[in-house]
Colleague: 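There's a structure below that I have some questions on.
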Amino acid sequence: MKKLLFALLVACALPVAAHEPKSDHARETIAQHQAMAEAHAAAAQCLRSGKDEKTCHAELAAACKGLALGKRCGMRHAH
């Protein structure tokens with residue numbers, strides 16, 4: 001029984017280890033995307049708080065400086 005439990009634990013751990021980024025470039029890209037996501041979440045919270053779009057977009061642009069292309073941190077939508 002202990003061997004079966006150990007085998008199951010090892011089998012469950014393997015997929016997690018397989019998804020870890022192997023290169024520095026991959027880790028850097030993940031960090032950049034996480035920073036962009038956090039900047040967009042802050043922009044959404046800014047808009048939710050009642051501030052005008054111009055102010056929130058300016059804050060987004062400042063948070064994304066050097067992270068992504070364009071005024072909207074690499075994202076666009078219609079309006």
Colleague: Going by the rule side chain to side chain donor-acceptor pair (under 3.5 Å), which residues pair with E38 if we only count those two or more places apart in sequence or in a different chain?
Modeller: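 So E38 forms a side chain to side chain donor-acceptor pair (under 3.5 Å) with Q34.
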Colleague: With D52, which residues qualify under salt bridge (Lys or Arg N to Asp or Glu O under 4.0 Å), at least two apart?
Modeller: none
Colleague: Going by side-chain heavy atoms closer than 4.5 Å, which hydrophobic residues are tied to L60, directly or by a chain of links?
Modeller: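 Once heavy-atom contacts under 4.5 Å are chained together, L60 still belongs with nothing else.
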Colleague: Which atom pairs, donor and acceptor, lie under 3.5 Å between side-chain atoms of residues 41-50 and protein residues at least two apart or in another chain?
Modeller:
{"from": "Q45", "atom 1": "OE1", "to": "R48", "atom 2": "NH1", "distance (Å)": "2.8"}
{"from": "S49", "atom 1": "OG", "to": "C46", "atom 2": "O", "distance (Å)": "2.6"}

Colleague: Could you tell me which residues satisfy side chain to side chain contact (heavy atoms under 4.5 Å, CB included) with A35, sequence neighbours excluded, listed by chain and number?
Modeller: L67
Colleague: Are D24 and E28 side-chain neighbours, meaning at least one heavy-atom pair lies under 4.5 Å?
Modeller: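 No, their side chains stay 4.5 Å or more apart.
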Colleague: Who are the salt bridge (Lys or Arg N to Asp or Glu O under 4.0 Å) partners of E59, not counting sequence neighbours?
Modeller: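 Listed in chain order: K51.
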